[in-house]
Amino acid sequence: MEILMTDEPIGSYFEKFINKDSIFVDKKYLQSTYTPTTILHRDEQIKAIADILAPVLKLERPSNLFVYGKTGTGKTVTVHYTTNEISKVAQKYNKPVKVCYLNCKLKKIADTEYRLIAHISRMFGKAIPPTGLPTDEVYNIFYKAIDSTRQIILLVLDEIDQLIKKAGDEILYNLTRINEQLTNAQVCLIGISNDLLFIDNIDPRIKSSLSEEELVFPPYNAIQIQEILLSRAKKAFKPGVVAQGVIEKCAAYAAREHGDARRALDLLRVAGEIADREGSGKILISHIDKAERKIERDRVLDIVSTYPRQFQLVLYAIMMLRKSQREPLYTGEIYEVYKGLCKRVSVSPLTQRRVSDILGELDMLGLINAKVISKGRYGRTREISLSVPDSTIPKIEGILESALHLS
DNA sequence: GTCAATTCACATGAAAGAGACCACGGTCTAGTG
DNA sequence: CTAGACCGTGGTCTCTTTCATGTGAATTGACGA
């Protein structure tokens, strides 16, 4: 959030804002929710998905499909696109094909068995309370809801690895066997996963029925990302506002991060916003650097201010300890400082077991670097260091201190 | 010097509990005709 | 007689605790050269 630095009246600021011409034509083309009309560098995959799913148009149940690939390799967008096309055609020929897309990562929507089934049922117009019903009851409602008419349902489960990690693989077992319970309707599962190893850790029976077909999305290379960026930038920005080398730099950043196109698009969009706000009529390379820092800072600050108090306490303990002591830090030390901190703010401390998990989660979030090491005779522990840029540390401290009512 | 056993300081897993939230069905109450 | 208020029961969900088991290499100490 940039702060208004001048002392002119706020009204005229807004007026300026509305009159100021932005370098954007339409930002939506750079947002990750946008599905482009043509997808670059994914022809093979589109063709493969189309081949696999085509039988739905004859009302035959296609094989279940499992899609792998790292983040930002276009899995979601490609599946979206293909299933959209299918439902368009199906509509044209009046075939009862329905596509259900669900992102399992979204909290409070589809991160447990109950919620997943409830959410799908709601898509079919059944009202299901957010909690309170037995799970098999919800299944019954679900069966009734979809089995009432003859139809084929393409159930797309995005980030399915998250769901399994949190809720176990029983859901998948139930889902893969769902067709046995149905007389009219048929369900085809399309699983999308970021985690390439995930399928190896589930029950082999489920594995074989879920991944009747598999499809791997390779990362984009830098050139491909450039082309993608270019095609989106053409629509999103006014002509000529993107300086030489900007696209290339964005692509290079993203290619470094295993070819994550989403990241590249975010970077470009934020760079555009910054350029806009600075009143510079062009996006320069320096804006990309600023954008990268801003994205990271916003992400970190968001986590720090929204996560539960116990997480904040652990993080604050790490930051305190870091001042008096050289990194790396170890779990035991942090726990001691944490306990002291709890006493100070009169919060009952958690067990070390729990704190250990919290440290693991902070690591996953990328706020700290935690590596399990063995110090031989002196035990096994996590070696921990803070992994946020130094420039944001004072801000984090500020947020934590006010959130925890420390002085 | 070499080798296996020991040992530390946690990590990691599994299970179960606490407390918040919620639906459902039954009972009670007050208002209505 | 009926709509709504008010329980009790039984369910989910998240965060935790409890108990149990695992683990990797520095250290130790026995052994043989």
Side-chain angles (χ1 to χ4, degrees), chain A residues 102-122 125-145 159 161-175 195 197-198 200-203 303-304 306-318 321 325 327-339 341-343 345-365 367-385 403-404:
Chain A
L102 258 173
N103 189 334
C104 305
K105 203 175 73 180
L106 296 177
K107 292 206 164 179
K108 313 282 175 188
I109 294 203
D111 57 351
T112 67
E113 183 168 19
Y114 181 100
R115 296 216 261 247
L116 179 81
I117 304 300
H119 193 79
I120 303 170
S121 305
R122 284 193 206 106
K126 298 281 174 186
I128 297 198
T131 170
L133 257 46
T135 304
D136 38 347
E137 181 65 26
V138 182
Y139 264 108
N140 285 334
I141 297 175
F142 174 56
Y143 288 147
K144 265 187 216 149
E159 315 219 19
D161 46 332
Q162 302 286 325
L163 176 68
I164 302 312
K165 212 162 65 190
K166 289 188 79 172
D169 49 13
E170 210 166 302
I171 307 172
L172 284 188
Y173 185 68
N174 290 336
L175 281 177
D195 184 357
L197 300 171
F198 142 82
D200 297 331
N201 301 328
I202 63 175
D203 191 320
I303 292 171
V304 168
T306 57
Y307 264 61
R309 187 143 64 236
Q310 296 291 0
F311 279 68
Q312 297 179 333
L313 278 164
V314 172
L315 192 60
Y316 195 73
I318 294 172
L321 198 56
Q325 200 179 322
E327 284 173 331
L329 314 170
Y330 302 104
T331 306
E333 303 166 352
I334 292 171
Y335 185 63
E336 288 307 312
V337 176
Y338 158 82
K339 270 202 297 197
L341 213 51
C342 283
K343 209 168 185 180
V345 296
S346 49
V347 168
S348 46
L350 301 176
T351 50
Q352 182 156 335
R353 176 71 187 83
R354 178 66 186 136
V355 170
S356 173
D357 278 349
I358 289 178
L359 286 171
E361 285 178 58
L362 288 175
D363 182 35
M364 291 287 290
L365 290 167
L367 296 189
I368 62 175
N369 252 317
K371 208 172 98 197
V372 178
I373 55 150
S374 176
K375 291 192 291 172
R377 185 62 207 264
Y378 305 107
R380 223 163 105 86
T381 182
R382 278 199 174 88
E383 200 177 68
I384 292 159
S385 60
L404 300 171

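Order of the sequence lines sets the chain letters (A, B, ...), proteins ahead of strands, with each chain counted from 1.
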Q) Between A/Arg377 (CZ) and B/dA5 (P), how many Å, whole number? A) 16 Å

Q) Atom CG of A/Asp357 and atom C1' of B/dC10: how far apart are they, to the nearest Å? A) 13 Å

Q: Would you give the length of the straight line joining atom CD1 of A/Ile318 to atom CD1 of A/Ile384, rounded to the nearest 0.5 angstrom?
A: 5.5 Å

**Q.** Euclidean distance, atom CZ of residue A/Arg353 to atom P of B/dA14 [Å, nearest integer]
**A.** 10 Å

Q | Euclidean distance, A/Asn369 CG relative to A/Glu383 CD, rounded to 0.5 Å | A | 9.5 Å

Q) Distance check: side-chain N/O of A/Ser356 vs OP1/OP2 of B/dC10, anything under 4.0 Å? A) no

Q: Specify the residue among A/Gly379 and A/Val372 whose closest nucleotide of DNA chain B lies further upstream toward the 5′ end.
A: A/Gly379

(Q) Is the ring pair A/Tyr139/A/Phe142 parallel, tilted or perpendicular, if the boundaries are 30 and 60 degrees? (A) perpendicular

Q | A/Ser121: side-chain hydrogen bond (donor to acceptor under 3.5 Å, both in side chains) partners, not counting sequence neighbours | A | none

Q. How long is the line joining CZ of A/Arg354 and P of B/dG17, in whole Å?
A. 19 Å

Q. Taking only N and O in the side chain of A/Arg382, is any of them less than 4.0 Å away from OP1 or OP2 of B/dT12?
A. yes

Q: Pick base, sugar-phosphate or nothing for A/Gln352, based on heavy-atom distances below 4.0 Å to the nucleic acid.
A: sugar-phosphate

Q.
Tell me whether A/Tyr114 contacts the main-chain N or O of A/Val138 through its side chain, where contact means a donor paired with an acceptor under 3.5 Å.
A. no

Q. Earliest and latest nucleotide of DNA chain C, 5' to 3', sitting under 4.0 Å from a non-hydrogen atom of chain A?
A. C/dG10 to C/dT28

Q: Mark yes or no for whether A/Glu333, through its side chain, and A/Tyr330, through its backbone, hold a donor-acceptor pair below 3.5 Å.
A: yes

Q: Rounded off to whole Å, could you give me the CZ-to-P distance for the A/Arg115 and B/dC22 pair?
A: 12 Å

Q: Take atom CD of A/Glu383 and atom C1' of B/dA11, then tell me their distance rounded to the nearest Å.
A: 15 Å

Q) Quick one: A/Tyr330 OH to B/dA11 C1', roughly how many Å, whole number? A) 16 Å

Q | Pairing residues for A/Arg309 by the salt bridge (Lys or Arg N to Asp or Glu O under 4.0 Å) criterion, not counting sequence neighbours | A | none

Q. Quick one: is B/dA11 close enough that its OP1 or OP2 comes under 4.0 Å of any side-chain N or O from A/Thr331?
A. yes

Q: Provide, to the nearest angstrom, the distance between the CG atom belonging to A/Asp363 and the P atom belonging to B/dT12.
A: 10 Å

